[in-house]
Each structure stands twice: as C-alpha cells, then as structure tokens.
Amino acid sequence: MLEKVFEYLKNEGLVPERVDNRIRFKYQMFYFVIFGETDDERFLNITLPEIYEVNADNRIDALEAINTVNDGTKLVKLYIYDNEVWVGVEQLLDSTPDLGDIIPRTLRVLIDGRERFYKALKEL
C-alpha cells in the first residue's frame, strides 16, 4: 500500500519523500507522515506530527484537550509521542481503495483535529 500511496501523492504534485519505512510530504503548509506497515498491506496510518510541545507545566491541559478531541471526533485520534502532540488517522482499506477519495478526506480530518485541539486547549 505504501508504494501506491507514494505514487498517488507524486501524481498529485505533493512531492513525497521516503524516510525509512515512512513517507513524508507537505500539504497546505503542514508536514504529514505516512507510516508503512509491512505485515498488513491494507493498513494506512497517516499523521500530522508535532503540533504542540508538551512539558511538565502544560501536560495536564494537553491531555484534557486531547481527551476532548478524541471523544468528540470521528476517525482522528490525538496522542503524545516524545513530548509532542500528534494527530493520527488509522484506517483499514479494502483491496482496491480509491486513494483520490481517501487521502484528501483524511488530510482534511487531520487538519480539523489540529484545530479542534487548539480550540479545546483555549477553552480550558
């Protein structure tokens, strides 16, 4: 699946680059990472990484905002990885996925999840 996604992104002019078993690309001023899952060809994991730095002073607020978004949003899930908040979408695809439908919608959902996180954080 990773190769198909890479070709799709390339054909869309998004200039993907391979980094280990990942694809990195820029869309609407944001960098996204797609992780390759070698033992499940139909699994797609797209992330919007490092949207917010977490430290001892803001960790509780970050977790509260993450919980708010995760509870009220379809598909998108936020989590803390290496002291940064990441937004992710994990999907199981059928054998003939329409990447022209899946990828753009997923990117919009990830950007919306980021905005919802910042809104939830402001409301604390």
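- Here the shortest heavy-atom pairing between I66 and L78 reads CG2-O, 3.4 Å.
- The backbone N or O of G88 sits nowhere less than 3.5 Å from a side-chain atom of K77 that would complete a donor-acceptor pair.
- Both I111 and L75 are part of a single hydrophobic cluster, where members link through side-chain heavy atoms under 4.5 Å apart.
- No continuous path of hydrophobic side-chain contacts links Y31 to I34 [ILVMFWY only; heavy atoms under 4.5 Å].
- Atom CD of E64 and atom CG of N58 lie 12.5 Å apart (nearest 0.5 Å).
- No option in T47, I51, I80, L110 other than T47 meets the side chain to side chain contact (heavy atoms under 4.5 Å, CB included) test with W86.
- The list of salt bridge (charged side-chain N to carboxylate O under 4.0 Å, His left out) pairs with a residue in residues 8-23, not counting sequence neighbours, reads E3-R18, E17-R24, D20-R22.
- Atom CD1 of residue I60 and atom CG of residue D57 lie 11.0 Å apart, to the nearest 0.5 angstrom.
- Taking hydrophobic clusters as Ile, Leu, Val, Met, Phe, Trp and Tyr residues chained together by side-chain heavy-atom distances below 4.5 Å, Y118 shares a cluster with F30.
- Linking ILVMFWY side-chain heavy atoms closer than 4.5 Å, directly or via other members, places F117 and L124 in a single hydrophobic cluster.
- For residues 90-118, the pairs satisfying salt bridge (charged side-chain N to carboxylate O under 4.0 Å, His left out) are D112-R116, with sequence neighbours left out.
- The two residues V69 and G113 have their closest heavy-atom pair at CG1-O, 4.1 Å.
- In plain terms, the two heavy atoms of L9 and P16 that are nearest each other are CB-CG, 3.9 Å.
- Residues I46 and I103 are in side-chain contact: their nearest non-hydrogen atoms beyond the backbone lie under 4.5 Å apart.
- A donor-acceptor pair is defined here as one N or O able to donate and one able to accept, closer than 3.5 Å; such a pair exists between the side chain of N11 and the backbone of E7.
- Here the options are F32, F35, F6, the test is side chain to side chain contact (heavy atoms under 4.5 Å, CB included), and the partner is I23; only F6 passes.
- Atom-to-atom distance recorded for L44:CG and I102:CD1 is 7.5 Å, nearest 0.5 angstrom.
- Between L92 and R42 there is no side-chain heavy-atom pair separated by less than 4.5 Å.
- When all heavy atoms of Y52 and A62 are compared, the closest pair comes out as CE2-CB, 4.1 Å.
- How far CD of Q91 is from OG1 of T106: 4.0 Å, rounded to the nearest 0.5 Å.
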